[in-house]
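Below: the structure, in C-alpha cells.
Below, read A as the first sequence line, B as the second, and so on, with proteins coming before strands; counting in each chain starts at 1.
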Amino acid sequence: MSRYGVAIDRKWQKRWEESGIYRFNPENADKKLYCLEMFSYPSAANLHIGHWWNFGMTDCWARMHRMLGYEIFRPMGFDSFGLPAENYAIKTGVHPRDSTLASIATMQRQLREIGAIYDWDYELSTCDEEYYRWTQWIFLQLFQRDLAYRKEAPVNWCPSCQTVLANEQVHDGACERCHTLVVRRDLTQWFFKTTAYAEELTKTLDTLDWPEKTKIMQKNWIGRSEGSFIDFPLIGHQGVIRNFTTRADTLLGATYIVLAPEHPLVEIITSAEYLPAVKAYQETTAAQSELDRLTNTKEKTGVFTGGYASHPVTHQKLPVWIADYVLASYGTGSVMAVPGHDTRDYEFAQIHNLPIPRVITPVSPDIDGSLPFVEDGLLVNSGQFDGLSSLEARTKITAFLRAEEKGEETVTYRLRDWLVSRQRYWGAPVPIIHCPQCGLVPVPEDQLPVKLPYDVQFTPDGKSPLAKSDSFMHTTCPICGQAAQRDPDTLDTFVDSSWYFLRYPDNHNTLQAWDPAWINRMLPVDRYVGGPEHACMHLLYARFITKALRDMGYLQFDEPFTSLFHQGIILGADGARMSKSRGNTIAPDGYVETYGSDVLRLFLGFGFSYSDGGPWPVDEKGNPSDDGIRGIARFVDRLERWIEIISAAPGQEQQSASPLDKELNFVRHQAIKAITRDLPLYQFNTSIAQLMILLNALQKYDLEATDPNWSLLLSISEDLLRLLAPLAPHLSEELWASLGHNSSIHNEKWPVHDEQALVRDEIEYAVQINGKVRSRVLLPSDANEEVIRQEALAMAESLPETKGKTILKIIIVPKRLVNIVVA
RNA sequence: GCGGGUAUGGCGGAAUUGGCAGACGCGCCAGACUUAGGAUCUGGUGGAGAGAUCCGUGCAGGUUCAACUCCUGUUACCCGCACCA
C-alpha cells in the first residue's frame, strides 16, 4: 500500500471520471437532490482556499447524501461576464473573452482536483452565446409584460467604473466593487420592476428554510411599511400634495409641508419671489454626492417655495418648503412635517423658526416637553380626535380622510426597481432596437442572441463601448424595416446570475431556455450554499425573476431556493479578509501537493466551524501555521497503519462478544449516530472528531490478547471508512481497495446505527449534593427510580456533605444524575 | 440611530438544547524508542493550592434542586441598513 498523497488523489480522480460514477441519472429524478453552491467568477488566479472551503465542504455534504440514496444533481458553472475581465483587459490589452476563457479552463482543471462529484455535462458559462441568448430572451419576456422598462431617473454613477449601479450595489455611498464614491446623475436607463413583487417577496420569505438573519435583512431591504396617503390641497393652484405617513395620528400637528427638491410640484408652486432661491437649492442638491447626503450630522437645510397648501382637517394655510432630507424616491417624495413628533421635522423647524405644536401626549406624562415625543400616546389639541390612542387615531383619521376623499390607507416599500443597464462592454447586450418610427422594438426571438461583438474599443469613457461599434449599432427595424439603432448598453451581471440555476438541468437545450416539464421536476434547488453578502442582491433578484417567470407560466414553483446555508469566511492569518493586496492569502495548492487534497479537506472541516469560518491558524510569530494540518496528516497516517493491520489480519469468524468487543461496538454505533446527525448540519468538526474517537478506540484494542475479534475489527473498520468517505473521498477509496474491495466505496450505503448496541448494562450516575458532584455510582441501566433513589441515598450517607443535614428533595434525571438537596 | 449576531482553556473549537463545562485536535509538559528528532509511541494538561478543597463560559443581577444554555441590565467586537416620513 502506498502512502496517501496527491498521486492517489489523481489516480482516483482519473478512474472516477472514466467510470462516470458521479454522473447524474435523469431517470432517477424522483430521488433528486439539487445541491448548489453560488457559482464563481473565473479569475486568472489559482483557486484560493475560499473555493476549497465552499466547494470542498459542500461536496462532503453532497457525497453523504449520495450514500443515503439521493440522486445528486450537483452542477458547476461560471459567472463569466463582468467588470474584472474588462478592467484586466484595459490594463493588459488581453481581450476579456480570451482571458475569461483561459481562466475558465484553469479553474475547471483545479475544480476537478478538489475531487468533487460535479457532473460537468451540466456546466454553463454566462458569457457563452448559448447562455446569454436566453438571458436576453428573459429580458424580452419581462419587457413584453412591462416588467422591464426604460425611464429617466436620478441614478447612481460610479466615476471609476464609468457605469450606473443598482441601488443594491451601492454600499455606504460607494461602489460595491471598487469602493469609489458614487455620484447622482439623471439618466435614461433600463429597470426591472422588482417593486411589482415587493409584497410577495416579503410575504413568502416566511416559508423559506433560510437563515433568519438573511430573511430579516431582505425584509428590511424591501422595507414594507403600512401607513396612509394624505392629500393637502394646493392653495392658488389646481391639485394636491400627496404625502405618505405612518403617523396619521399626528396629522393635527402638521405645520408645514416639505417636498424633495426633485419633486415635480416644485415648479408649479414656487412663487416668482422665491424662484431664485429654490433653483439655487435644487442645483446644490443635484451636485451633492451620495456621501454628502449621507452625512446626517449636518444641519437640516431647505428653502421656502412661496407656495402653500391647505390642511385637510383644519384648512389652515401651511407653507411648502423643499429640503434634501426628504427623499424623492421614497413614499410620495414629500412629507407632512410634524415637528412636535418627528425628530427630523423638529430639527428643521427649530432652524427655520416654524411652530412646534404638540398633539400627542405620553400615556405616563413625565417626558421633557422641549423635545419631540416620537412614541405613540394619546391625542391632544386634535379637535374631534382628542383622547384617542395613537393606534385608534391612525385608523379613525384615515377613515375620516377617506370619506372626504383626501386620503386612504396604503402600503409603501423601500425597495426600488432594479437598474439593469450598464455602460460597459463585457456583458449581455440589451436586446432592444431603437427605431425612429416605431420606438423601442424588441429583437425578434429567432434573431437572438444579439451577439456581443469581439472587436470593440472598450476603454470606459462614460459612454457604452458598444455605441462606438458601427457594425453593432446599425441595424434595421424588425417592424418597419427602416434603419435603426441597437441599444448600446449591456445587462448587469446580476441578471445573468438571476436565472442560471434554471438553466443547469437543461443546459444543452437549443430550442428554449428550458423544458418546463423537466425543470419543474428538477427545481427548486433543494440546498443552496453561499455567502451572506448576497442577501439583498443575487438572492433577491433570483427570487424576483423566478416569480415573474412563474406568472408568465414558465415555472410552477414560487421560490428558487427552498433551503439556504451560509458558510463562514476563512480569513488570513492576520484576521483580515484574504486579498492579494494585503498579501495574506493562503494558497491550497502547496498543501495539496504536500499532504493530498483529503488532508486539506479534513483540516478545513475540522479546524473551523463551517458557519463561522475564522482566521487561519498562526504560530507564535504570527505566521500561518501548518500544525493543524500536520495533526490531520497524523490522523490519516494512523488510519493507514491501522487498515494495513486489518488487511493483513487472519479472516476467521469469531462468535464471542467480550465486554471489550461490546465497548468497541458501542463506540462504532455512537459514531454512526453522531455523524449521521452532524454531517447534514455542516458540522464537519464534530463529525471528524467522531472518526478520530473511533480510530482511537480501535487502536486501543489489545491485539496481543488471546483471540482478537478480527471479524468485528474488520467490520468496524469498514464502517469507519464508509463514514470517512464523504470527507476524504480519495483516501477512503484507496483504503477500501486495500481491503480487497473491487467496487467503489462511494457506492456503499451509508451505515445505520444499531440502537441496541448503544444500550449499556450499567450507567454511571453522578451523585450531586446541592448541585455539586460529590460522588458517582454505577447502576444497572434498567434501574427504576426507586432503586436509583435508594442507591444514591446509600452513597450519599457516607459523604461529609450530608452529615447532620436534613434531606429536602431528591431529583433524579434518568441515565444521568441524582441531585440530593440538603439543608 | 435602527436591525441581527458573537463572546467558553495558551489556540481552533465541543457540550445530546436546563442536567457531570472544556469532546476532538493543536500547542505545551513528562517519559519510551533513538547517534539524533521538527519522526513515532505512552501518559499528563482550565486556573489557584502541598492538600482536602475553592474558583471558573465577557461583566452585574435574577429565576431554578440545577444555568455556557432561560430572564433583566451592561460592555466589547463583527455584519447589514442608515434623514425611509
Practice item. Using a heavy-atom cut-off of under 4.0 Å over every strand shown, decide if A:G613 touches base, sugar-phosphate, or nothing. Key: sugar-phosphate
Review point. So what does A:N243 hit on the nucleic acid, given a heavy-atom distance under 4.0 Å: a base, only sugar-phosphate, or nothing?
Key: nothing
Point to revise | From OH (A:Y765) to CD1 (A:I788), nearest 0.5 Å | key: 3.5 Å
**Study point:** Conformer about C1'-N of B:G9 - syn within 90° of 0, anti elsewhere
**Key:** syn
Review point. What is the nucleic acid contact for A:R638, judged by heavy atoms within less than 4.0 Å: base, sugar-phosphate only, or nothing?
Key: sugar-phosphate
Review point. What is the pairing partner of B:U6, taking Watson-Crick or G-U wobble pairs with both distances under 3.5 Å in any strand?
Key: B:A76
Practice item. Both distances under 3.5 Å, Watson-Crick or G-U wobble: report the partner of B:U16, or none. Key: none
Check your understanding: Would you call A:E762 and A:R760 a salt bridge, using N to O less than 4.0 angstrom?
Key -> no
Exercise for review: Identify whether any heavy atom of A:N819 sits under 4.0 Å from a base atom; if not, whether one sits that close to sugar-phosphate; answer base, sugar-phosphate or nothing.
Suggested key: base
Review point. Under 4.0 angstrom, heavy atoms only, what part of the nucleic acid is A:I693 near: base, sugar-phosphate, or nothing?
Key: sugar-phosphate
Check your understanding: Under 4.0 angstrom, heavy atoms only, what part of the nucleic acid is A:R577 near: base, sugar-phosphate, or nothing?
Key -> nothing
Check your understanding: Paired with B:U69: which nucleotide, if any, by Watson-Crick or G-U wobble criteria at under 3.5 Å for both distances?
Key -> none
Practice item. Please give the nucleotide sitting opposite B:G31 as a Watson-Crick or G-U wobble pair, both distances under 3.5 Å, or none. Key: B:C41
Check your understanding: Thinking salt bridges, do A:E764 and A:K815 make one under a 4.0 Å N-O criterion?
Key -> no
